[in-house]
Student: 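Before we start, here is the structure in question, set down as structure tokens.
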Amino acid sequence: MTSSETFPPYLRADGDDLYLRVHVQPGAKADVISGCHGDALKIRLRARPVDGAANTALSAFLCATLRLKGPQITLVQGESARDKILRIRAAPASVQTQLRKYAESSHPPALNRKN
């Protein structure tokens, strides 16, 4: 990654790691990435915000969507808030590319998306 690269407002690189700002909407009909919400990536989750269930579901959803291993994603900020910051350790270039695409599309690709 070079210093001349621009990132969407929800994504920041720090060495080989990425920091992802998300806005979570729990209790949705499906697990989907639904575009941007201000300077965050909006993610709708079926899980309810009870006993950390939404945080667990968020991590599992991103791991499946980005093809990562669970320990690569950690919650840095926002444990009990809708706005969260996640750290993706040793993120491959493909993850950065995929995350950038969400800023470019009004209908971002999503896992289990219902049309």
Side-chain angles (χ1 to χ4, degrees):
M1 288 177 259
T2 66
S3 60
S4 65
E5 288 183 283
T6 58
F7 291 93
Y10 55 80
L11 191 61
R12 179 175 63 86
D14 184 10
D16 290 337
D17 296 345
L18 293 176
Y19 286 85
L20 177 64
R21 181 181 303 275
V22 297
H23 178 82
V24 177
Q25 178 187 338
K29 291 183 180 182
D31 295 336
V32 296
I33 296 174
S34 59
C36 293
H37 180 81
D39 64 348
L41 189 64
K42 184 172 184 179
I43 300 177
R44 296 180 181 166
L45 297 171
R46 290 179 296 220
R48 307 300 287 166
V50 179
D51 297 328
N55 289 337
T56 301
L58 174 62
S59 180
F61 172 71
L62 287 174
C63 283
T65 302
L66 300 173
R67 293 182 178 91
L68 297 170
K69 297 177 182 166
Q72 283 183 272
I73 297 179
T74 55
L75 181 63
V76 174
Q77 184 179 333
E79 184 174 334
S80 61
R82 286 182 178 222
D83 294 314
K84 302 175 184 300
I85 297 177
L86 303 161
R87 177 181 177 193
I88 304 171
R89 288 192 188 113
S94 61
V95 169
Q96 184 184 137
T97 301
Q98 187 172 358
L99 286 170
R100 284 172 183 253
K101 287 181 182 180
Y102 294 118
E104 299 167 2
S105 174
S106 60
H107 298 289
L111 192 64
N112 297 331
R113 184 178 186 126
K114 293 184 179 182
N115 294 322

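Since this is a predicted model, take the numbers as computed values, not measurements.
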Student: Would you mind listing every side-chain hydrogen bond (donor to acceptor under 3.5 Å, both in side chains) that reaches into residues 66-80, with sequence neighbours excluded?
Tutor: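 Every candidate side-chain hydrogen bond (donor to acceptor under 3.5 Å, both in side chains) pair involving residues 66-80 fails, so no pair, neighbours aside, qualifies.
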
Student: To the nearest 0.5 Å, how far apart are CD in Gln96 and CG in Asp16?
Tutor: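 Between Gln96 CD and Asp16 CG, I get 10.5 Å after rounding to 0.5 Å.
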
Student: Starting from Leu11, can I reach Leu75 by hopping between I/L/V/M/F/W/Y residues whose side chains sit under 4.5 Å apart?
Tutor: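 Both belong to a single hydrophobic cluster.
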
Student: Could you tell me which residues satisfy salt bridge (Lys or Arg N to Asp or Glu O under 4.0 Å) with Asp39, sequence neighbours excluded, listed by chain and number?
Tutor: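 Listed in chain order: Arg21.
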
Student: Looking only at heavy atoms, what is the nearest atom pair of Ala28 and Arg44, with distance?
Tutor: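 Nearest heavy atoms, Ala28 then Arg44: CB-CB, 3.6 Å.
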
Student: Any idea which heavy atoms bring Ala47 and Pro26 closest together, and the distance?
Tutor: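 Where Ala47 meets Pro26 most closely, the heavy atoms are O-CB, 3.3 Å.
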
Student: Are any of the side-chain heavy atoms of His37 and Tyr10 separated by less than 4.5 Å?
Tutor: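 When only atoms from C-beta onward are counted, Tyr10 and His37 do not touch, as no gap falls below 4.5 Å.
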
Student: Going only through I, L, V, M, F, W and Y residues with side-chain contacts under 4.5 Å, is there a path from Ile73 to Tyr19?
Tutor: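 No, Ile73 and Tyr19 fall in different hydrophobic clusters.
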
Student: Under the salt bridge (charged side-chain N to carboxylate O under 4.0 Å, His left out) rule, what pairs show up with a residue in residues 84-98, not counting sequence neighbours?
Tutor: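 Residue pairs with at least one partner in residues 84-98: Asp17-Arg87.
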
Student: Using 0.5 Å steps for rounding, measure from the CG atom of Asp31 to the CG atom of Leu58.
Tutor: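 One finds 9.5 Å between CG of Asp31 and CG of Leu58.
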
Student: Are the side chains of Leu62 and Ile88 in touch, meaning some heavy atoms are under 4.5 Å apart?
Tutor: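 Heavy-atom side-chain distance check fails, nothing below 4.5 Å.
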
Student: Using the rule given for side chain to side chain contact (heavy atoms under 4.5 Å, CB included), can you reason through Arg12 versus Ile85, listing the C-alpha separation, both sets of side-chain angles and the distance that settles it, and then say yes or no?
Tutor: CA-CA 10 Å; Arg12 179 175 63 86; Ile85 297 177; 6.0 Å; no

Student: For a quick test of reading the model, state the closest non-hydrogen atom pair linking Ala54 to Leu45 and the distance between them.
Tutor: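 Of all heavy-atom pairs spanning Ala54 and Leu45, the closest is O-CD1, 3.5 Å.
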
Student: Report yes if some heavy atom in the side chain of Phe7 is under 4.5 Å from a heavy atom in the side chain of Leu99; otherwise report no.
Tutor: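 Heavy-atom side-chain distance check fails, nothing below 4.5 Å.
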
Student: Which distance, rounded to the nearest 0.5 Å, do you find between the CD1 of Ile43 and the CG of Leu41?
Tutor: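 If we round to the nearest 0.5 Å, Ile43:CD1 and Leu41:CG are 5.0 Å apart.
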
